Number of protein chains: 2
Amino acid sequence: MPTEPTTSSYALLGLLAIHPWTAYDLTRQAKRSMRLFWPRSEAHIYGEVKRLVGWGYATASTERTGNRERTAYAITPAGRDALRTWLATPPAGPQLEIEGLLRLLLADQGDKSDALRAVRTTRDAVTTSYGIGIEQMRAYVEGDGPFPDRVHLVALLARFYADFAEAMLDWCDVAEAEIDAWPDVRGVGLTEPTRHALEEAIARYDRRAHRARQMT
Amino acid sequence: MPTEPTTSSYALLGLLAIHPWTAYDLTRQAKRSMRLFWPRSEAHIYGEVKRLVGWGYATASTERTGNRERTAYAITPAGRDALRTWLATPPAGPQLEIEGLLRLLLADQGDKSDALRAVRTTRDAVTTSYGIGIEQMRAYVEGDGPFPDRVHLVALLARFYADFAEAMLDWCDVAEAEIDAWPDVRGVGLTEPTRHALEEAIARYDRRAHRARQMT
DNA sequence: TCGCACATGTAAATCGTTACATGATTAT
DNA sequence: ATAATCATGTAACGATTTACATGTGCGA
C-alpha cells in the first residue's frame with residue numbers, strides 16, 4: 001500500500017484489464033507483448049502485482065496444482081478507474097539504452113576490433129528480437145495469435161519495431177564498413193565523407209523542420 | 001571499494017580518459033554526449049565518480065571557488081587498464097523504453113484522444129532531442145565543437161540517432177493518421193490495410209534474412 | 001540589492017535485478 | 001527412475017532517482 005504506482009504498475013494493470021491471469025502467465029504475457037518497449041525482469045512482475053492488490057486495483061485468488069499453490073489475479077473496478085485516469089495523462093519521452101553506441105563513443109580508448117565487436121554484437125541482438133517479433137506477426141496474419149480483436153494495436157507497435165530494427169541494422173552495416181576503412185580508431189577526425197554525411201543529416205532535419213512549420 | 005563497476009562506471013571512466021573534469025563538468029559532458037544512449041541522472045554521476053576513486057581508477061583533487069569547494073577528477077593508469085579490458089568485452093543488446101508505445105498497446109482501455117496524445121507527446125519529445133543533437137552536429141561541421149579529433153566517433157552516433165528520430169517521427173505520422181481513421185479505439189481488429197502493412201513488414205524481414213544467408 | 005539561475009553536492013527512498021529455492025512435468 | 005526443464009515464487013542487494021540544501025554570480 002505504500003508509494004504511488006509506477007509506469008510498470010500500470011503496464012501490468014493494463015494486462016489484467018484485458019484478461020485475468022495467473023502470476024506466471026502474466027510474466028509470459030509481459031515478456032511477449034511488452035518487453036521490446038518496456039523491459040522488466042520476471043521477478044519484478046511477481047512483486048509488482050502484489051502491490052496492485054495492495055492498492056485495491058486487483059484481487060488475488062490462490063489455486064492449487066498438486067501440492068503447489070499458484071495465484072491468479074483479476075482487475076477490480078477501482079483498478080479500471082485508475083488505469084483510465086492514467087491513460088489520460090501524457091507519457092514520458094522515449095529512452096534508448098544502447099551500450100554498443102556508448103562503447104563506440106569511447107572507442108578511441110580501445111582498438112579497432114573492440115569497435116567492430118560492439119557493432120556486431122549489437123546487430124546480433126537486434127536481429128534476434130526482430131525475428132521473434134516478426135514470427136508473432138506471422139501468426140497474426142495467419143489468423144492465429146491471441147486476442148485478435150486487439151491486432152490493430154499490436155500491429156502499430158510491430159510496425160514501429162520493424163522500422164526501428166531496419167534502421168538499426170542498416171546503420172550497423174554502414175558503421176562496420178566505415179570503421180573497417182579507418183586506418184586506426186583514433187585521431188581520424190572529420191573526414192570528407194563524414195562531413196558529407198553530417199551535412200546530409202542536417203539537411204534532412206531542416207527539411208523536416210520546414211515541413212513542420214508549414215503545417216498550421 | 002564494494003561491488004563491481006557497472007556499465008555506468010565505465011561510461012564515466014571513458015569520459016575521464018578523454019580529459020580530466022570537475023564533477024559538475026562531468027555531469028554536463030555526460031548529458032551532452034551520452035544521454036541519448038545512456039540516460040542517467042546528474043546526481044547519480046556525483047556518486048559514481050566517487051566509486052571510481054574507491055577502485056583506484058581515478059583521483060580526486062579539491063579546488064576552491066570563493067568559499068565553496070569543488071572536486072576535479074582525473075583517470076589513473078589502473079583506470080585506463082580497466083577501461084581497455086572492459087572495451088574488449090561484448091556489449092549488452094539495445095533496450096528501448098517507450099512509454100508512448102506501451103500506452104498504445106493498452107489504448108483500448110481508454111479513448112481515442114488518449115491514444116492520440118500518447119503519439120503526439122512522443123513525437124514532441126523526439127523532435128526536441130533530435131533538434132538538440134542536430135545543433136551539436138552543426139557546430140562540428142562549422143569547425144566548432146569540442147575534441148575535433150574525435151568527431152568521427154561522435155558522427156557515427158549522430159547518424160544513428162538521426163536515423164532513429166526520422167523513423168520514429170515518420171511512424172508517429174502514420175500512427176496518428178491511422179488512429180484518427182478508426183471509428184473507435186476498441187474492437188477494430190485486423191483490417192485489410194493493417195494486414196497489408198504486416199505482410200509488407202514480414203516480406204521486408206524475409207528479404208533481409210535471405211540476404212544475410214547469402215553472405216557466407 | 002534582490003531575486004533567479006547556475007554550480008555542487010548529500011541523504012533517503014525505491015525501483016528493479018540477481019541469486020536462490022523448490023514443486024511439478026516431461027523426455028529419455 | 002533420473003535428469004532436465006517448466007512453473008512459481010522469495011529475499012537480499014544495489015543501482016538510480018527524487019528531494020533537498022546551500023553557495024555564487026549576474027541581471028534588473
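The structure displayed is predicted, hence computed values, not measured ones. Atom set for the values below is all heavy atoms of this structure, side chains included, hydrogens, waters and symmetry mates excluded. Note on naming: letters A, B, ... go to the chains in the order of the sequence lines (proteins, then strands), and numbering restarts at 1 for each one.
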Take atom CH2 of A:W38 and atom P of C:dC15, then tell me their distance rounded to the nearest Å.
12 Å

B:E4 atom CD is separated from C:dT18 atom C1', nearest whole Å, by 14 Å

A:Q95 has an atom CD; how far is it from atom C1' of D:dT16, in whole Å?
12 Å

Which whole-number value in Å describes the distance from A:R64 CZ to C:dG23 C1'?
12 Å

OP1 or OP2 of C:dG16 sitting under 4.0 Å from any side-chain N/O of A:S8?
yes

Which atoms form the tightest heavy-atom contact between B:L153 and A:L105, and what is the distance?
CD1-O, 3.8 Å

Ignoring backbone atoms, test whether B:R70 places a side-chain nitrogen or oxygen under 4.0 Å from the OP1 or OP2 oxygen of D:dG23.
no

More than 12 heavy atoms of other residues, nucleotides or ligands under 6.0 Å from CZ of B:R186: is that the case?
no

Base, sugar-phosphate alone, or nothing: which one does A:A23 contact when heavy atoms must sit under 4.0 Å apart?
sugar-phosphate

Is B:Y24 near enough to C:dA7 that one of its side-chain N or O atoms lies under 4.0 angstrom from OP1 or OP2?
yes

Any side-chain N or O of B:T71 below 4.0 angstrom from OP1/OP2 of C:dT8?
no

In whole angstroms, how far is the C1' atom of D:dT17 from the CD atom of B:E97?
13 Å

Rounded to the Å, how far apart are A:I45 CD1 and D:dT10 P?
14 Å

For the pair made of CD in A:E99 and C1' in D:dA15, what is the distance, rounded to whole Å?
15 Å

Phosphate contact (C:dT10 OP1 or OP2) by B:K50 side-chain N/O below 4.0 Å
yes

Start at the 5' end of DNA chain C and walk down; is the nucleotide closest to A:T6 or to A:T65 reached first?
A:T6

Would you say B:T3 places a side-chain N or O within less than 4.0 Å of OP1 or OP2 belonging to D:dC13?
no

Of A:V119, A:I98, A:V185, the residue whose pairing with A:L104 passes side-chain contact (heavy atoms from CB on, under 4.5 Å)
A:V119

Rounded to whole Å, NE2 of B:H44 lies from P of D:dG14 at a distance of 14 Å

Quick one: is A:R68 getting a side-chain N or O under 4.0 Å of the C:dT25 phosphate, OP1 or OP2?
no

Nearest to side-chain heavy atoms of A:Y46, which nucleotide of C:dT18, D:dT8, D:dT17
D:dT8

Closest non-hydrogen atoms of B:E4 and B:R51, given as atom of the first, atom of the second and distance, are O-NH2, 3.9 Å

For B:P39, which contact category applies under a 4.0 Å heavy-atom criterion: base, sugar-phosphate, or nothing?
sugar-phosphate

Check the angle between the aromatic planes of A:Y10 and A:W86 and answer parallel, tilted or perpendicular using the 30° and 60° thresholds.
parallel

